[in-house]
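This report refers to the structure that appears directly beneath it.
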Amino acid sequence: MEKDRNSFIFRFLSTLFVILAINFFLPRMMPGDPFSTTSADEVGEEIIVMTEEQRLYYMKYYGLDRPLYEQFSKYMKNLITGDLGRSIYYKMPVRDVIWLHLPWTMLIVMGATAISTISGVVLGTVSAKNRKKGSDRVIMTGMIAFAEIPSFLLGLILLLIFSVYFRLFPLAGAVTPFANYNGPAEQAWDILYHAFLPVLTLSLSQLTGVYLLTRNTLITVTTKDYIRTARAKGMGEKTVWVRHALRNALLPVVTRTGFMIGIMMGGVVLVESVFSYPGIGMTLRSAVINRDYPLIQGILLVIAVSILICNMLVDKIYGKLDPRVRI
Amino acid sequence: MSLLKINDLRCHYLTDVATVKAVNGISFKIEEGEILGIVGESGSGKTTVALGIMGLLPENTAISGEIFYRDELISSLPESEIDKFRWKDIAIVFQNSLEVLNPVMKVGVQVTEPMIKHLDINPENARSKCEDLFRTVGLDPEWMDSYPHQLSGGMRQRVLLAMALSCDPKLLLLDEVTSALDAFTRKEIRDLLVELQKKNGYTMLMISHDITFISSVASRIAVMYSGRVVETGPVRDILVSPRHPYTRGLVHSTPDIFVYKDLWGIPGDVPTGDEFKGCPFSTRCTQKIDICKKASPVLTPTGGGREIACHRGGIADILVARNLNFSYRLPNRKYLHAVNNVSLEVTEGEVLAIVGQTGSGKSTLAHILANVIRPESGEVLFMGGNVSEEHYGSRFNGIQIVFQDPFSSTSNRFTVLDAVKEPLYINKIGSNEDRLQMVKNVLELVRLPSSDNFLRKYCGELSGGQRQRVALARAMVMEPKLLIADEITSALDVSTSANVLRLLKGLQNKRGFAMIYISHDLSLTLKIADRIAVMDSGKIVEVGNSHDVMLSPSDEYTKKLVGSRIGLCCHTHQAV
């Protein structure tokens with residue numbers, strides 16, 4: 001047990017180190033640097049075109065003129081003390097920038113995870129029970145059609161239909177600007193109202209995967225001997241499906257949900273951009289455009305660590321659900 | 001009122017490719033307190049019957065026929081109605097496999113689950129009842145909190161048994177409960193079942209390919225073949241005198257029954273394709289006649305509680321000898337009664353061994369049966385015709401004999417080709433090319449080279465083993481229905497004789513001819529014989545299944561013969 005825990009921690013740390021290294025070197029391998037921006041991102045944005053002298057000054061100021069290995073060891077040292085560095089673009093600590101935007105991302109990623117998992121499992125079960133009948137065919141066809149649309153395109157379509165054409169939902173942002181709320185209920189409503197379309201987009205992009213996995217696993221599981229045993233015991237269809245079939249079929253779905261959060265943390269960059277949703281995805285985009293190395297590193301680190309944590313959690317939960325993998 | 005009655009049950013699996021007639025019109029009854037065993041090889045439809053009774057057949061199954069439980073028709077009930085009978089009235093012990101129990105549920109929960117549902121008791125009571133059940137089947141109740149993968153195969157089988165007993169069912173179905181278990185566990189489960197039956201009087205339907213296991217528990221046996229019942233009857237009768245060729249094949253390939261015999265399965269396969277209308281066993285049967293290919297026989301009673309489905313009324317006699325007598329005149333003008341009032345039958349496809357010491361009259365008897373010499377009185381009938389009139393030796397599918405000494409039975413001056421071709425030549429069968437081809441085929445059959453070089457060899461150049469095979473080939477070229485082998489291995493050394501004997505038995509098994517094997521060597525005989533006739537001073541003193549004769553000889557002479565074998569001494573000699 002002790003040994004297992006040690007190797008577990010070792011694996012976690014070594015994976016983390018590799019991610020940190022990639023995190024550090026990748027932005028620096030991109031052409032350009034934080035101080036040579038020459039074009040504006042949005043119309044009306046003021047940009048400062050620096051002289052070569054100014055550029056060198058700032059490079060020195062942020063320590064970017066030092067050799068790479070020196071920068072890397074400094075970066076690692078700071079990390080251990082919890083210091084993620086200062087954002088060059090926002091001119092404030094990276095930690096604070098992330099702290100400002102991460103909750104929004106968490107909100108829509110978690111929301112989408114919950115919605116896509118629950119509805120995927122429900123639809124998958126309905127489909128599996130009515131296998132090769134009308135309802136299964138209809139759901140299946142619809143799902144596969146959705147799966148082929150990339151999430152940012154789906155987001156654009158939803159935005160055009162619901163926000164631009166029907167004006168049912170906001171075009172951008174996570175909250176109504178300068179709003180005065182009468183109590184927390186109204187504030188929560190406003191947040192949900194803004195999060196609705198991004199969550200829907202993300203959910204739809206993941207739904208087909210969960211649905212297909214649930215449906216196909218259930219179909220496989222229902223051919224197993226223990227389902228026949230449960231039927232023979234006269235347990236009734238409902239117990240057979242819920243207690244015996246679904247419980248076993250959900251095992252791979254749990255694993256998938258863990259991976260799904262990781263995939264969504266990456267995919268959220270595009271979705272947030274489409275809806276101008278102020279999460280870390282949007283922040284990452286601007287950080288890349290501005291070559292804001294510390295911020296890029298910080299955000300990628302947060303994404304990587306959250307994926308790692310999700311995987312660890314999945315391992316733990318899976319062990320709870322499936323006695324066969326318990327040690 | 002029978003506890004369970006099945007009328008003309010048919011279960012056909014409809015797949016995209018073909019229809020599999022897993023169960024094709026079977027009917028039987030089980031009375032209360034009775035144990036019926038269904039045996040048959042894998043794929044014969046045994047498990048389908050069990051699943052059919054439980055209403056557990058997959059959706060793509062076309063089911064017809066009726067299943068009555070205590071006069072209530074349960075075969076046409078909807079799923080929700082069948083649930084009332086399941087487990088409380090009819091429970092099944094499945095064959096142990098890794099996934100027969102839910103892998104993510106504790107076994108205790110899986111055993112208590114049906115009790116809570118059907119017996120209307122609370123979880124605590126169910127749990128304590130489960131503990132009792134675990135003790136009954138010989139498991140420590142501690143195991144209730146473990147998962148299926150943590151148990152051994154034998155323990156899982158016990159859990160399955162406890163689970164089936166949980167709601168005190170009236171009828172217990174047992175599907176291959178011991179086939180995946182080792183000998184010790186198998187014995188324990190068997191004893192447990194017998195004990196349970198004695199104590200609680202369960203009515204059981206046992207399904208297994210293991211005829212030994214079935215016969216040690218069941219009172220009646222039904223033999224299934226290709227979705228049909230081919231023979232039923234009391235256990236002892238079926239084992240001792242199987243009447244259907246398939247039952248005989250099954251019994252004969254069971255090592256627990258024929259302890260000494262070499263294992264030979266039933267050759268051939270079950271016919272596939274749904275257009276086959278004849279008897280399903282006809283493709284493997286050694287006694288098929290025209291009707292067997294056209295119509296399927298029905299199960300008909302033959303008395304003594306036995307029923308059989310065979311157009312020929314069961315295993316037919318191929319040769320019947322009645323009251324044969326033959327004497328030699330000795331130089332001192334006395335007569336030696338070599339064959340003294342001998343009667344015997346040889347059935348289709350069987351190997352009958354005639355054993356006895358030298359001078360007991362075995363060879364004389366063989367020569368009479370093959371019509372080499374004529375008896376003074378009595379008659380020999382082969383497939384209904386008289387041997388002395390019909391010249392079965394010069395026909396295809398007749399009687400052929402292979403003699404003891406290959407050096408005198410094949411001429412030194414004949415080439416192999418001439419020696420084997422001789423019967424064809426004498427009887428003017430086929431053109432020269434045909435004969436050559438037949439000779440080549442039969443040489444391959446006895447595993448001799450069929451090259452021109454070998455065909456041109458003189459028999460005098462061959463070794464003893466090769467020459468005996470040439471003699472065998474000469475008999476086989478006439479494709480006999482009955483082969484009489486008279487001491488064919490006694491002139492050969494141990495290894496050669498083993499080879500010839502295995503070859504002979506292999507040919508017999510493959511071609512399905514009947515054989516009379518004459519020998520003085522009891523050990524060798526036991527390897528191939530189905531039945532043994534013991535001869536002494538011209539009389540047959542004992543006939544019976546080879547294992548019965550060997551293990552429990554009843555005649556004094558047989559006892560002597562069995563006792564006279566020189567056993568190999570394996571114990572160490574103790575120094576005095």
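In this text, all values refer to a predicted model and were calculated from it rather than measured experimentally. Numbers restart at 1 for each chain; the letters A, B, ... are given by sequence-line order, proteins then strands.
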Show your reasoning for whether side-chain contact (heavy atoms from CB on, under 4.5 Å) applies to B:L101 and A:D225.
CA-CA 7 Å; B:L101 290 164; A:D225 285 351; over 6 Å; no

Looking at chain A, which one of B:M163, B:M54, B:K84 has the largest number of heavy-atom pairs inside 4.5 Å, strictly under?
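Most heavy-atom pairs under 4.5 Å with chain A: B:M163.
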
Based on non-hydrogen pairs under 4.5 Å, which of B:I82, B:I116, B:L51 is most in contact with chain A?
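Ranked by contacts with chain A, first place is B:L51.
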
Select one option (side chain, backbone, both, neither) describing which atoms of [X] are under 4.5 Å from chain A's heavy atoms.
| X | answer |
| --- | --- |
| B:I92 | side chain |
| B:Q110 | both |
| B:S97 | side chain |

Measure the spacing between NE2 of B:H149 and CZ of A:R324 and express it to the nearest 0.5 Å.
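Answer for the NE2-CZ pair, B:H149 versus A:R324, is 8.0 Å.
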
Is the count of non-hydrogen atoms from other residues, nucleotides or ligands lying under 6.0 Å from B:D140 atom CG greater than 12?
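More than 12 within 6.0 Å, yes.
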
Is it the case that atom NZ in B:K117 sees more than 12 heavy atoms from other parts of the structure closer than 6.0 Å?
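Atom NZ in B:K117 is crowded, with more than 12 foreign heavy atoms closer than 6.0 Å.
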
If you look at every heavy atom in B:P103 and A:P323, which pair is closest and at what distance?
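Between these two residues, the closest heavy atoms are O-CG, 3.3 Å.
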
Taking the side chain as everything from C-beta on, heavy atoms only, tell me whether B:M105 gets closer than 4.5 Å to A:H244.
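When only atoms from C-beta onward are counted, A:H244 and B:M105 do touch, with a gap below 4.5 Å.
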
Within residues 226-233 of chain A, which positions have a heavy-atom distance to chain B below 4.5 Å?
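Expected list: A:Y226, A:R228, A:T229, A:R231, A:A232, A:K233.
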
Using only non-hydrogen atoms and a strict under-4.5 angstrom cutoff, which residues of residues 106-142 of chain A touch chain B?
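Checking residues 106-142 of chain A against chain B gives no residue, so none.
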
Would you check, one step at a time, whether the test side-chain contact (heavy atoms from CB on, under 4.5 Å) holds for B:N102 with A:N248?
CA-CA 8 Å; B:N102 192 333; A:N248 279 286; 2.8 Å; yes

